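Below is one structure, written out as structure tokens, with a few remarks after it.
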Amino acid sequence: MNKAKNGESKIWEPFIPFFVRREVPAKTILLEEGQISKTMFFIEEGCLRICVNSDGKDTTTQFFFEGDSVSSIESFRTNSPSLYSIESIEPCVLQTISQKDFHNLIESMPELKIQMEEHLFKRLFQAQQLFYSFLKNSPQERYRDLINQHPRIIQRVQQHYIASYLGITPVSLSRIRNRQ
């Protein structure tokens, strides 16, 4: 919990008594696309990714590191099937909380509910930025933005996941990197 960024760990302090520690190796599917999310993950150590599968093609849409929380929030909140999978790409130490405990705590603490809404809005804005960068920017510009805004992705994530995240092939990523 001590590795959280930007003071985010304060948001999670009320949840600590409900957390269950879980260690998972790399390449562990924590939630499969189509399943209902019953668990939220808080990353103590390691890296997770969100990915979707379309006709056998795996596409990474987000990366999460120490201090981040991850769930299929739509599924977690509505009991609908998840639109994506969550997978570890490094060995991870996770703190998990059940859907039931999470909801009970949020409903019992109105100020916590407000903090969680702010947290979700931040995540929504990040997702919107990524979406619009796909509409407006070339792959080279998206890679340059990734280097500038998220250097730890470049440092820690395997190239084929980065290529998938940028919407290009690993070969195209190699060409872009060679031109930098």
Side-chain angles (χ1 to χ4, degrees), residues 1-15 29-33 37 39-54 57-78 80-90 92-97 99 102 106 111-168 173 176 180:
M1 294 282 303
N2 55 356
K3 293 186 181 184
K5 59 184 186 231
N6 302 328
E8 264 189 34
S9 65
K10 278 194 163 279
I11 292 173
W12 300 107
E13 285 176 7
F15 296 93
I29 301 291
L30 299 167
L31 176 68
E32 193 139 346
E33 189 175 331
S37 176
T39 307
M40 182 175 288
F41 306 97
F42 181 89
I43 305 170
E44 200 172 297
E45 292 178 27
C47 178
L48 301 178
R49 74 180 183 119
I50 288 180
C51 55
V52 295
N53 190 300
S54 177
K57 182 183 178 207
D58 182 76
T59 303
T60 300
T61 60
Q62 286 181 286
F63 298 102
F64 297 91
F65 298 92
E66 291 83 3
D68 288 332
S69 61
V70 185
S71 74
S72 175
I73 197 66
E74 305 85 4
S75 177
F76 193 75
R77 292 287 291 173
T78 65
S80 59
S82 177
L83 301 173
Y84 48 81
S85 296
I86 300 173
E87 178 185 22
S88 62
I89 59 176
E90 295 177 348
C92 292
V93 176
L94 306 170
Q95 297 292 338
T96 66
I97 187 167
Q99 182 187 47
F102 180 85
I106 289 290
E111 69 280 359
L112 185 59
K113 193 172 190 173
I114 292 168
Q115 286 180 322
M116 289 308 301
E117 286 173 356
E118 287 300 315
H119 178 74
L120 290 174
F121 277 123
K122 270 200 291 189
R123 285 284 170 80
L124 174 63
F125 295 147
Q126 290 168 346
Q128 282 181 316
Q129 286 177 321
L130 180 63
F131 173 75
Y132 287 114
S133 79
F134 269 89
L135 297 175
K136 294 170 54 175
N137 298 333
S138 69
Q140 293 87 350
E141 291 168 320
R142 289 196 303 270
Y143 181 71
R144 192 173 337 108
D145 288 347
L146 186 64
I147 290 171
N148 293 331
Q149 296 170 12
H150 306 284
R152 71 176 161 178
I153 291 175
I154 301 296
Q155 296 161 358
R156 291 177 55 183
V157 174
Q158 296 166 347
Q159 296 304 304
H160 66 281
Y161 293 134
I162 293 173
S164 169
Y165 176 74
L166 293 172
I168 59 178
L173 178 59
I176 290 169
Q180 294 284 326

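Side-chain atoms are counted along with the backbone in the values below, which use heavy atoms only and exclude waters and symmetry mates. Everything numeric here is computed off the predicted structure, so don't read it as measured data. For the single chain, residues carry numbers from 1 onward in sequence order.
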Is there side-chain contact between [X] and [Y], with at least one heavy-atom pair below 4.5 Å?
{"X": "T39", "Y": "L31", "value": "no"}
{"X": "C47", "Y": "I89", "value": "yes"}
{"X": "D58", "Y": "R49", "value": "yes"}
{"X": "L30", "Y": "L94", "value": "yes"}
{"X": "L48", "Y": "C92", "value": "yes"}

Counterpart residues, side-chain contact (heavy atoms from CB on, under 4.5 Å), relative to [X] (two or more places apart):
{"X": "Q155", "result": "P151, R152"}
{"X": "S75", "result": "I36, S37, S72, S82"}
{"X": "T78", "result": "S80"}
{"X": "Q140", "result": "S138, I176, R179"}

Donor-acceptor pair, E66 side chain versus G46 backbone, under 3.5 Å?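 Confirmed, E66 side chain pairs with G46 backbone.
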Output yes when a side-chain donor or acceptor of D68 lies under 3.5 Å from a complementary backbone atom of F65, and no otherwise.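 Pair found, side chain donor or acceptor close to backbone of F65.
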Determine the sole option in T60, I168, V157 for which the side-chain contact (heavy atoms from CB on, under 4.5 Å) test with I162 is passed.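 It is V157; the other options fail the test.
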Would you mind listing every salt bridge (Lys or Arg N to Asp or Glu O under 4.0 Å) that reaches into residues 124-140, with sequence neighbours excluded?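 For residues 124-140: none.
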Nearest 0.5 Å please: distance from the [atom1] atom of [X] over to the [atom2] atom of [Y].
{"X": "F41", "Y": "S71", "atom1": "CZ", "atom2": "OG", "answer": "8.5 Å"}
{"X": "E111", "Y": "I106", "atom1": "CD", "atom2": "CD1", "answer": "9.5 Å"}
{"X": "T59", "Y": "N53", "atom1": "OG1", "atom2": "CG", "answer": "8.0 Å"}
{"X": "Y84", "Y": "I50", "atom1": "OH", "atom2": "CD1", "answer": "4.0 Å"}
{"X": "I86", "Y": "Q62", "atom1": "CD1", "atom2": "CD", "answer": "9.5 Å"}
{"X": "Q95", "Y": "E45", "atom1": "CD", "atom2": "CD", "answer": "10.5 Å"}

Residues in side chain to side chain donor-acceptor pair (under 3.5 Å) with [X], at least two apart?
{"X": "Q115", "result": "none"}
{"X": "R77", "result": "H103"}
{"X": "S88", "result": "none"}
{"X": "E33", "result": "none"}

Scan for ring pair (Phe, Tyr, Trp, His ring centres under 6.0 Å) pairs involving residues 130-156, sequence neighbours excluded, and state none if there are none.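 Not a single pair qualifies under ring pair (Phe, Tyr, Trp, His ring centres under 6.0 Å).
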Indicate the atoms forming the closest heavy-atom contact of N137 with E141, along with that distance.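 That closest heavy-atom pairing would be CA-OE1, 3.1 Å.
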Excluding sequence neighbours, so at least two apart, what forms ring pair (Phe, Tyr, Trp, His ring centres under 6.0 Å) with Y165?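 Result, ring pair (Phe, Tyr, Trp, His ring centres under 6.0 Å) vs Y165: F63.
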Residues in ring pair (Phe, Tyr, Trp, His ring centres under 6.0 Å) contact with F102, at least two apart in sequence or another chain: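 With neighbours one apart ignored, the set is F15, F76.
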Evaluate L83 against V52 for side chain to side chain contact (heavy atoms under 4.5 Å, CB included), listing each step before the verdict. CA-CA 7 Å; L83 301 173; V52 295; 5.8 Å; no
